[in-house]
Amino acid sequence: MMMPPFLPEFGLLLLLTGASCSLVMALLLFYAAHHRHALLLALARPLALLQWLAMSGSFACLLLLFAGNDFSVRYVAHNANTAMPLPYRLGAAWGGHEGSLQLWTLLLSLWTLVVAVCSRRLPAVTRAQILATMGLINAGFTLLLAASANPFARLEVIPVDGRELNPLLQDPGLIFHPPLLYMGYAGFAVVFAIAITGLLSGRIDAAWARWARPWTICAWMFLTAGIALGSLWAYYELGWGGWWFWDPVENASIMPWLLGTALLHSLAATEKRGVFKRWTVLLAILTFSFALIGAFLVRSGVLSSVHAFTSDPRRGLLILLLTALIIAASLLLYALRADRLHGDSQFAPLSREALLLANNILLCVATASVLLGTLYPLLLDALDLGKLSVGPPYFNQVLLPIFLPLLLCTGLGPQLRWKQQKLAALLPALGRILLCCGGLTLLWSGLFSPPSVLTVLGVFSALWIASSIVHALQQRLRGGKRLSMATAGMHLAHLGLAVTTAGIALSAAYSLETDTQLGIGQSVRLGDYQFSLLSVEQGLGPNYLTSTARIQVWQQGKPLRVLMPEKRRYQSQPDMPISEAAIAAGPFSHLYATLADPIDNGSWGVRLYYKPMVSWIWAGAALMALGGLLAAVDRRYRRAGTAS
Amino acid sequence: MSLIRVGGLVEQGSLSRKEGGLNVSFSISDTAHAVPVNYRGILPDLFREGRGVVVQGRLDAHGVLQAEQVLAKHDEKYLPPEAQKAMTQAAASQQRPQ
């Protein structure tokens with residue numbers, strides 16, 4: 001492909017233009033908002049459009065450089081080569097430190113544009129303050145990107161071909177997972193900016209919360225989908241059959257998700273009842289802070305993990321400093337202004353508000369526990385108190401007692417009235433729900449002989465949520481009330497949580513696995529299934545050699561499926577073989593096979609798993625994201641959003 | 001016997017497969033001390049002699065680590081922080097007597 005000669009320089013120029021537009025937008029709009037300058041306020045939308053155009057243009061240049069294999073650019077030469085298929089070369093644009101940072105700034109500029117377009121009903125001053133806050137953040141990160149991690153930097157000596165992206169990343173997961181995740185991370189900037197604006201104006205009311213809700217839900221929806229996709233990718237790519245490893249980067253993504261979930265719920269209480277105002281604002285600040293930490297801490301090289309790009313902490317230090325500055329400045333503003341916010345109303349200990357409070361407390365404790373487990377080893381090391389690692393046993397033990405009551409609250413909360421719930425009116429409903437889910441749990445226990453109390457608790461909580469949803473819908477239909485999109489979305493998301501819970505509990509309880517060696521024609525039994533190795537053939541992919549096994553699966557003597565796990569050797573890294581697992585995925589179980597190395601005289605190491613209900617984990621996450629989508633498009637968020 | 005994690009380099013020439021195919025033994029070292037390891041199962045993709053590895057298991061009466069899990073990180077440059085530190089210390093103590 002013919003490339004324009006100065007494409008990298010043009011890309012950098014556009015990046016700097018985008019940063020300048022964001023900076024000008026921020027300064028101009030803060031000035032205009034302060035002086036109520038109508039003419040300048042009218043510049044908000046054109047400026048938002050301009051900064052997005054420049055940022056997209058710059059990112060398009062980066063994609064073109066990857067598409068055209070321009071190895072004079074260091075970032076391209078380090079992350080792609082000519083043998084890689086085009087989709088992965090494009091995905092490689094965000095496969096490294098520089099590009100992922102640029103993707104983040106691009107998506108933040110996109111959110112800024114969407115806010116500018118969808119804020120017609122807001123007062124011009126409020127809109128200006130929100131856009132200015134977002135612009136300031138983006139200007140900071142974009143300038144830092146250009147100065148410390150310029151993706152367009154040239155190499156002195158141009159290599160004939162590039163290095164290769166880590167083969168593990170050469171997967172469709174790379175194309176979808178980072179953009180979705182970053183859409184979520186950057187999306188929390190909107191509710192952060194709305195919170196800052198609320199603090200500046202001192203007006204946190206129902207209209208404020210109503211305007212903040214759909215933005216929060218959208219960001220949360222993207223983050224949910226991004227995390228779930230990452231987990232699915234790890235499950236099929238890493239070949240260990242696990243879907244969550246409590247890796248520092250996973251922890252960094254689950255923390256803003258937990259806080260964002262808390263924020264969704266406290267915003268609901270703030271909008272409907274005018275309570276938790278200060279708390280909601282603080283939570284909005286914290287959620288975005290953790291989203292920043294999630295996006296940047298892991299890239300900084302401070303934490304070592306499979307996700308860390310750079311083991312040179314100096315490069316990440318500037319980014320961490322800017323992140324710390326944003327967090328500190330917003331907390332300072334909060335400290336100065338929060339005392340002006342007052343709640344409008346009271347609520348009884350048994351009320352929907354009380355349950356939402358419990359939800360918030362539990363989610364925040366869960367976040368704090370994850371944070372402790374992630375940072376504790378770093379802290380001890382920094383204080384020279386010794387090295388230790390914190391792994392799954394800590395997280396599982398600590399989080400379980402937090403999540404179980406949370407699941408119970410999820411079923412109970414929607415049954416309660418706002419302000420005050422009379423116990424006498426609640427008891428018959430609770431009785432019916434308990435009877436339903438208790439009966440089903442007993443029936444299930446009788447049929448499947450659960451191996452532990454935990455499995456029973458998991459299944460019970462999932463059924464508890466599901467039955468309470470059925471009950472709530474029944475009540476609503478009987479009352480003749482319409483089901484709003486927001487309510488339907490809430491129930492769907494809660495159902496998703498129940499489905500995920502069931503998937504986690506059941507797959508943990510009933511999974512089987514075996515490591516074995518199979519010669520051609522030999523077979524092994526795992527549960528109800530028989531696996532026989534038919535053949536192993538050599539093949540050639542676009543940039544790798546591969547050994548592909550054909551494993552016939554039999555169920556009670558009948559042929560079921562042929563699994564074809566692979567072992568790939570990429571040309572650029574021949575001594576780093578990559579296993580590609582083969583999965584026969586059904587709605588109720590997965591059969592999972594990984595091919596290891598040949599052992600001797602033609603037999604191969606094979607790892608086999610039977611994983612029942614594991615797909616429910618991601619199906620539940622998909623339902624949660626879909627629930628978020630339904631709620632976000634509810635009509636009442638599009639009605640008069642003007643602050644009173 | 002409690003579950004422990006040991007990090008280090010897989011010693012050159014130490015990897016051997018026993019009859020039965022999936023039983024392997026090797027030793028891991030911080031360049032000063034070495035621990036013999038027995039493992040039955042499939043070694044991770046990146047397991048190589050001379051590379052960093054983390055083994056989780058229990059020490060038996062003969063001082064052999066009976067591994068339950070062998071982890072090699074999916075990055076050829078990666079060395080577990082614990083192993084890195086142990087090796088730096090070992091290198092320092094080996095230099096001191098001279």
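Bear in mind the structure is a predicted one, so any value in this text is a computation, not a measurement. Values below: every heavy atom of this structure, side chains too, minus hydrogens, waters and symmetry copies. Within every chain, numbering begins at 1; the chains are lettered A, B, ... in the order of the sequence lines, protein sequences first and strands thereafter.
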A.B. asks: Look at A/Pro167, A/Ala596, A/Ser579 and state which one has the largest set of heavy-atom pairs under 4.5 Å with chain B.
C.D. replies: A/Ser579
A.B. asks: Indicate the atoms forming the closest heavy-atom contact of A/Thr516 with B/Ile42, along with that distance.
C.D. replies: O-CD1, 4.4 Å
A.B. asks: Might you point out which heavy atoms bring B/Arg40 and A/Asp515 nearest each other, and give the distance in Å?
C.D. replies: NH2-O, 4.2 Å
